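This report concerns only the one structure given below.
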Amino acid sequence: MQAGAVPAPGLMDRFRAWREGVTANPGFRAWAARFPLTRPMARRRARQLFDLCAGFVYSQVLAACVKLRLFEILHEAPASEAALALRLAVPPEAMARLLAAAAALDLTRRRADGLWVLGPLGAAMIGNPGIAAMVEHHALLYADLADPVALLRRERGGNALSAYWAYAGAAQPEALGAERVADYSALMAASQPMVAAEVLASYDFRRHRVLLDVGGGEGAFLSEVAAAAPDLRLMLFDLPQVAARASARFAARGLAGRAQVFGGDFSADPLPKGADLISFVRVLHDHDDAVVMGLLRAARAALPPGGRLLIAEPMAGTSGAEPMGEAYFGFYLLAMGRGRPRRPEELHAMLSEAGFAASRALPTPTPLLTRLIVADVSNS
C-alpha cells in the first residue's frame, strides 16, 4: 500500500455499509414492516428510533415524579388517583395522565383494585437520593442542550452547567467563596454513597494504612470507606472552601481523629505525602488531558515505593452501557466546559506515561455507575 493510501474497508464494514444502505431505502422499510420474518426487527428499530426522539419527554415524566415525591408517597402506601391529585395539588386529569405515563415507563403500576403502587423502576428509586438529586440537577443540562448545534459551535463554558460547576471556569478556583461550592458539593455528596458501594464491593481498603482522596468533596466517599476499614487513616484534598465542608462532616461523624483535610488547587499545587493509597473518585473525567496528566504525575510523586493509585469513574466503551460514555457524558462534559469520557486503555496509557509501573482494571458490580483501575508504584 502506498504511503497515505486509505485502506480498503474490511468485510464487516462492507456488510454494515450494505445493511445501512438497504435500511435507508423507504421501499425496503415498508416491505420489512409487512414481511413476517423481518417485521419484529423493523418494529424494534422503529421503537428504538422513536425512543431517541421521545427520550426528553420520558426524562421529564421522571423529573415530575421526583419533584412531586411520588415514589416516596407510593412507597408509604398504595393510593388512588383522586387522593394523589388532592395531596399533590395537581388537577385530577393531569394526575391521571402523569400516572399513566409513569406506568408506561415502569415507574408506577395500577393494581386490579384501581390503586396505584410503585413499578419496578420506581421501586429502584427508593433509597437512592443521589439519583433523585441528579434527576433534578439535569434541568441545567437540558437548558444548555436546548440548541445542541449552538452548544457544539460555541466556545466551551459560559452556560448554565458550567456556572453550576464553579471551579470549571474559574481562573483561581481555590479562591471561590463558600456559597459558590455549596450546591455542587452537596450534589456530589448525595451521589457518592452508591459509588462508594461499587468501589467497596470490588476493593479491600484494609490492606492500606493511609488513603488520600483527591478532589474528595465533602468527604462522603471517605466516610463510607472509613466504616469498612476501621484502622485506615484518612486524608482529603480539595479546594479550601470544599475542604472546610469535609472537616465539618468528619467531625459530625466522629472521624476527626482519623482524618486530615488539606485545602488547595490540585491542578497547580503538589499533593500531600504520607498516604500509601491515593484515590481519584469521579475526578479525572471532569478534566482535560493536560490537567489529568498533571494529576497522575502529582499522585506518582506523592506515593511511596510500593504505593497504589485507585481510579473510580464511569468510562467510555463500557460493554452494555455504550451510550452512557460517549453520548451522555460526552455532552454533559461539553456543556460543563471541560473534561471528556475516557476508555480504560486511554487511562492505562496515561498512567504508564506518568511513571506508574503497572495498571489493571478491576470488575465492579455495576460498570455503568463506575469502573475501577489500580496502578502501582515500583518498589525500587
Side-chain angles (χ1 to χ4, degrees), residues 12-13 16-17 19-20 23-24 40-63 65-66 101-102 104-107 119-122 124-125 128 130-152 156 159-162 165 187-188 191 194-195 198 281-289 311-347 361 363-373:
M12 184 56 68
D13 284 331
R16 287 171 175 164
R19 181 187 63 188
E20 313 317 347
T23 303
M41 180 183 68
R43 289 178 176 176
R44 185 170 62 252
R45 290 286 173 85
R47 165 67 188 269
Q48 290 171 335
L49 186 58
F50 182 83
D51 283 347
L52 287 177
C53 295
F56 177 75
V57 177
Y58 301 162
S59 71
Q60 297 311 97
V61 171
L62 175 61
C65 293
V66 168
L105 299 174
D106 286 332
L107 296 167
L121 295 184
M125 295 291 293
N128 269 325
I131 297 178
M134 287 301 296
V135 168
E136 295 200 62
H137 164 71
H138 278 148
L140 297 173
L141 174 61
Y142 298 150
D144 290 341
L145 287 174
D147 187 342
V149 174
L151 179 66
L152 288 165
R156 297 184 70 180
N159 47 21
L161 202 60
S162 60
W165 298 102
L187 174 67
M188 293 301 291
S191 58
M194 63 181 177
V195 176
E198 293 288 314
V281 181
R282 294 194 299 175
V283 167
L284 299 186
H285 69 340
D286 284 352
H287 297 276
D288 295 331
D289 288 353
I311 298 169
E313 64 184 33
M315 299 179 193
T318 296
S319 179
E322 290 83 359
M324 172 273 298
E326 301 293 0
Y328 173 76
F329 277 108
F331 269 72
Y332 185 99
L333 296 172
L334 176 67
M336 180 177 167
R338 65 200 302 172
R340 67 181 182 88
R342 295 179 180 86
R343 294 173 175 266
E345 52 267 30
E346 293 180 272
L347 290 169
T364 57
T366 316
L368 180 146
L369 289 178
T370 192
R371 299 177 70 178
L372 286 186
I373 290 178

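As the structure is a prediction and not an experimental result, all values here were calculated from the model. The first residue of the sequence shown is numbered 1, and numbering continues consecutively from there.
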Only one of Thr370, Ile373, Leu284, Leu372 forms a side chain to side chain contact (heavy atoms under 4.5 Å, CB included) with Met315, so which one is it?
Ile373

CG (Asn128) and CE (Met194) are apart, to the nearest 0.5 Å, by 6.5 Å

Does Glu136 reach the main-chain N or O of Val66 with its side chain, forming a donor-acceptor pair under 3.5 Å?
no

Leu107 and Leu62: side chain to side chain contact (heavy atoms under 4.5 Å, CB included), yes or no, with the steps?
CA-CA 8 Å; Leu107 296 167; Leu62 175 61; 4.1 Å; yes

How close do Ala316 and Pro341 get, heavy atom to heavy atom, and via which atoms?
CB-CB, 4.1 Å

Are any side-chain N or O atoms of Glu322 and backbone N or O atoms of Gly320, one a donor and one an acceptor, separated by less than 3.5 Å?
yes

Got a second to check how far Leu140's CG is from Asn159's CG, nearest 0.5 Å?
9.5 Å

Looking at Phe331, I'd like to know if its CZ atom is crowded, meaning that more than 12 non-hydrogen atoms belonging to other residues, nucleotides or ligands lie closer than 6.0 Å.
no

For the student: nearest non-hydrogen atoms of Leu368 and Met324, plus distance
O-CE, 3.7 Å

If I take atom OG1 from residue Thr366 and atom CD from residue Glu198, how far apart are they, to the nearest 0.5 angstrom?
3.5 Å

Nearest 0.5 Å, what's the OG-CG distance between Ser191 and Leu187?
5.5 Å

Inter-residue atom distance Glu313.CD - Phe329.CZ, 0.5 Å rounding
8.5 Å

Would you name the heavy atoms of Arg342 and His287 that are closest together and state the gap between them?
NH2-O, 2.7 Å

All heavy atoms of Gly339 vs all of Asp288, minimum pair found to be N-OD1, 2.8 Å

Counting distance only, does the side-chain N/O of Arg156 pair as donor-acceptor with the main-chain N or O of Leu333 below 3.5 Å?
yes

Closest heavy-atom contact between Val135 and Ala63?
CG1-CA, 3.6 Å

Under 3.5 Å donor-acceptor, Asp144 side chain and Leu161 backbone:
yes

Between Tyr142 and Phe56, how do the two ring planes meet: parallel, tilted or perpendicular, split at 30° and 60°?
perpendicular

For residues Arg343 and Gly317, report the shortest heavy-atom separation together with the two atoms involved.
NH1-CA, 3.4 Å

Applying side chain to side chain contact (heavy atoms under 4.5 Å, CB included), run through Met125 and Leu121 and close with a yes or a no.
CA-CA 7 Å; Met125 295 291 293; Leu121 295 184; over 6 Å; no

Between His138 and Tyr328, does the ring centre distance come in under 6.0 Å?
yes

When rounded to the nearest 0.5 Å, the distance separating CG of Leu369 from CZ of Arg282 is 9.0 Å

